[in-house]
Structure formats: C-alpha cells, structure tokens
Colleague: 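This structure is in structure tokens; I'll ask about it shortly.
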Amino acid sequence: AGTGPLAGRRALVTSGPTHEPIDPVRFIANRSSGKQGHAIASALAALGAEVTLVSGPVTLPDPPGVTTVHVESAEAMLAACRAALPVDVAVCAAAVADWRVADAADQKRKKQPGQDTMALTLTQNPDILATLSRPGEGRPMLVVGFAAETERVIEQAREKRDRKGCDWILANDVSATSGTFGGDANTVHLITADGEDAWPVLSKAEVGQRLAARIAETLGGEA
Ligand code: C5P
C-alpha cells in the first residue's frame, strides 16, 4: 500500500486515443498523445493512490507504479474501465472516438476496379465519461472529465459537465495556436459545481500534479 494523502484510495484514469477498426489492417484514429492522461495517472500514484490506467494506443511508456491496461477501441476501453471498478475517483482524459465503423470487415477491404468512392457507415460509440457518471451504486465519489474546445471554452465545458453528469471538467484550449495537441503544455480551467478556477499555463506534468492535489484535498485518505 502506498503512503501519501491518497493512500488507500483507488483511481481510474483513461488516456490516449482510441483506434476504431475499418478492417484488420486499417483504423480510424485521432491525434491524442496520451501525455495528459498518463501524467495524471503518475501524479495520483505519487500521492499514494492505487491507480489503473486504461490507455488507448500511445507511444509513451507505462508509468511506473501504475497498473496499465492497453486497449484499442472505445468499446474495449469501456469494458476495461468497468473491470477496474469500484474506484473512488475516475478521470477520463482519453480522446475516445465518437464513432466506430458499423460493419468493420473481417477481411481486408479490396478496392474494386473502377471504384472511385467508398462509403463507411459509422455508429455511435459509448460515452465512457457519461457511463461512469451515471448515478447509482458503484458510481465513483468523484468523476472528472475533459473538454477540449477551440472556442467558447468555459461555456461549452460547463454545458458538457451538465450533459455528462460528471463532477468536474478540466476545460482546455486546443485551438491551433495553443500547441496543446502533442505538446507539453496545457491551458486549463477547472470547472466545478461552484465555479471555475483559471490555472496558469502549466506543463502537462504540472496539470496532473495540480489535479491530483485537488483530488486529494477533496477525497483525503481512506475513510
Ligand atoms: O464529448 P467530448 O468528447 O467533447 O467529451 C470529452 C470528455 O468525455 C473527455 O473527458 C473524454 O475522455 C470523455 N469521453 C468519453 N467517452 C466518449 C467520448 C468522450 O469518456 N465516447
């Protein structure tokens, strides 16, 4: 068992992109690096929490002192999250694909002679943050989500908090000029039921530490 302000507390963190298969050799993906989610998992572990990190495909090493579960698709990420329950706090930092291919092929899709276009039908993926936030037995005491926005950042993050049913939202500015995607720094606001906190521009490691400290203040050690 760890020592520190979160000793005895269990945490779940999602991180990275998801890959949604088109066929056995192709997938739909996004540009999430996983840096922020991995940093949060490390920071929670550093404060003594027992952390499960459910990560989509990333090039980062598994953080030491954390149990990392590797997944590819959104559906697999949700299943791994459910398997990690119960937890005291869940932080959803993964960039989960909104859509998956409705009829992913078992065999490699072939281009037909004379074929000029190809249509994919997409179907909605489960919303992991909203699922974990659903009231009821087994809901984590604290559920934290991210809102990556390019405009009206705080306003949209507050709407997202209401819609998903989570407790806190870290709103981050991912407009092209912010350098957040793949970069090392993050500009965030912490949105809670009571209000919002503007954080200075911090490294992703520092955002993780600050969030973990705030979680520790709220939860404390094992009751
Ligand atoms: O709706 P949007 O993708 O902007 O919401 C972002 C937040 O929701 C992030 O915390 C992300 O991890 C989470 N999310 C999720 N499952 C999805 C979509 C988003 O957990 N299918």
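Both counts, for ligands and for their atoms, begin at 1 and track the order of listing.
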Colleague: Hey, are the side chains of E20 and L122 touching, using non-hydrogen atoms and a 4.5 Å cut-off?
Modeller: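 E20 vs L122: side chains apart.
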
Colleague: Can you tell if the side chain of T68 reaches within under 4.5 Å of the side chain of P63, non-hydrogen atoms only?
Modeller: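 Yes, at least one pair of side-chain atoms sits under 4.5 Å.
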
Colleague: Is there a continuous path of hydrophobic side-chain contacts, each under 4.5 Å between heavy atoms, that joins V13 to L78?
Modeller: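 No, it is not one cluster - the side chains of V13 and L78 are not joined through contacts under 4.5 Å.
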
Colleague: If you take all heavy atoms of R26 and R109, which pair is closest and at what distance?
Modeller: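 In this case the closest contact between R26 and R109 is NH1-O, 3.3 Å.
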
Colleague: Report the C-alpha separation of F27 and E72 in whole Å, then their side-chain angles, then the decisive distance to 0.1 Å, and conclude whether the side chain to side chain contact (heavy atoms under 4.5 Å, CB included) test is met.
Modeller: CA-CA 10 Å; F27 54 82; E72 297 210 341; over 6 Å; no

Colleague: Give me the nearest non-hydrogen protein atom to atom 6 (C) of ligand 1 as residue plus atom name, then the distance to 0.1 Å.
Modeller: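 Closest protein heavy atom to atom 6 (C) of ligand 1: F146 O, 3.0 Å.
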
Colleague: How far is atom 16 (N) of ligand 1 from its nearest protein heavy atom, and which residue and atom is that?
Modeller: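 Going atom by atom, the protein heavy atom closest to atom 16 (N) of ligand 1 ends up being I128 N, 3.0 Å.
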
Colleague: Below 3.5 Å, N or O to N or O, backbone or side chain included: is there any such pair between K160 and ligand 1?
Modeller: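 N/O-N/O distance below 3.5 Å exists for this pair.
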
Colleague: Can you tell me if M77 has a non-hydrogen atom under 4.0 Å from ligand 1?
Modeller: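 Not so, M77 does not reach ligand 1.
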
Colleague: When you measure from atom 8 (O) of ligand 1 to every protein heavy atom, which one gives the shortest distance, and what is it?
Modeller: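 I find the closest protein heavy atom is K164 NZ, 3.2 Å.
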
Colleague: Using distance alone, determine whether V96 and ligand 1 share an N or O pair under 3.5 Å.
Modeller: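 No, no N or O pair falls under 3.5 Å.
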
Colleague: For A94 and ligand 1, answer yes if some heavy atom of the residue is under 4.0 Å from a ligand atom, otherwise no.
Modeller: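 Right, A94 reaches ligand 1.
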
Colleague: Judged by non-hydrogen atoms, does P126 sit under 4.0 Å from ligand 1?
Modeller: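 True for this residue.
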
Colleague: Would you say ligand 1 has an N or O under 3.5 Å from any N or O of C92?
Modeller: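 Between C92 and ligand 1 (N or O atoms, distance only) the closest approach is under 3.5 Å.
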
Colleague: Evaluate L219 against V89 for side chain to side chain contact (heavy atoms under 4.5 Å, CB included), listing each step before the verdict.
Modeller: CA-CA 9 Å; L219 293 185; V89 55; 3.9 Å; yes

Colleague: Quick one: look at N125 and ligand 1, take heavy-atom pairs under 4.0 Å, and tell me if it's side chain, backbone, both or neither.
Modeller: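 N125 to ligand 1: no contact under 4.0 Å from either part.
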
Colleague: Is D127 near ligand 1, meaning one of its heavy atoms is under 4.0 Å from it?
Modeller: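 Yes.
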
Colleague: Indicate yes or no: does an N/O atom of G145 lie under 3.5 Å from an N/O atom of ligand 1?
Modeller: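 In fact, backbone or side chain, G145 has no N or O that close.
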
Colleague: Against D127, only a single residue in K160, R163, K164, R134 fulfils salt bridge (charged side-chain N to carboxylate O under 4.0 Å, His left out); can you say which?
Modeller: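 The residue from K160, R163, K164, R134 that satisfies salt bridge (charged side-chain N to carboxylate O under 4.0 Å, His left out) with D127 turns out to be K164.
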
Colleague: Report yes or no: is the cationic atom of R214 (NZ for Lys, CZ for Arg) under 6.0 Å from the centre of the six-membered ring of W168, at an angle within 45° of the ring normal?
Modeller: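 Yes - R214 lies over the ring of W168, closer than 6.0 Å to its centre and within 45° of its axis.
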
Colleague: Among all protein heavy atoms, pick the one closest to atom 20 (O) of ligand 1 and tell me residue, atom and distance.
Modeller: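 For atom 20 (O) of ligand 1, the nearest protein heavy atom comes out as L129 N, 2.8 Å.
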
Colleague: Indicate, with yes or no, if L142 and L12 share a hydrophobic cluster defined by side-chain heavy-atom contacts under 4.5 Å among Ile, Leu, Val, Met, Phe, Trp and Tyr.
Modeller: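 Shared cluster, no.
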
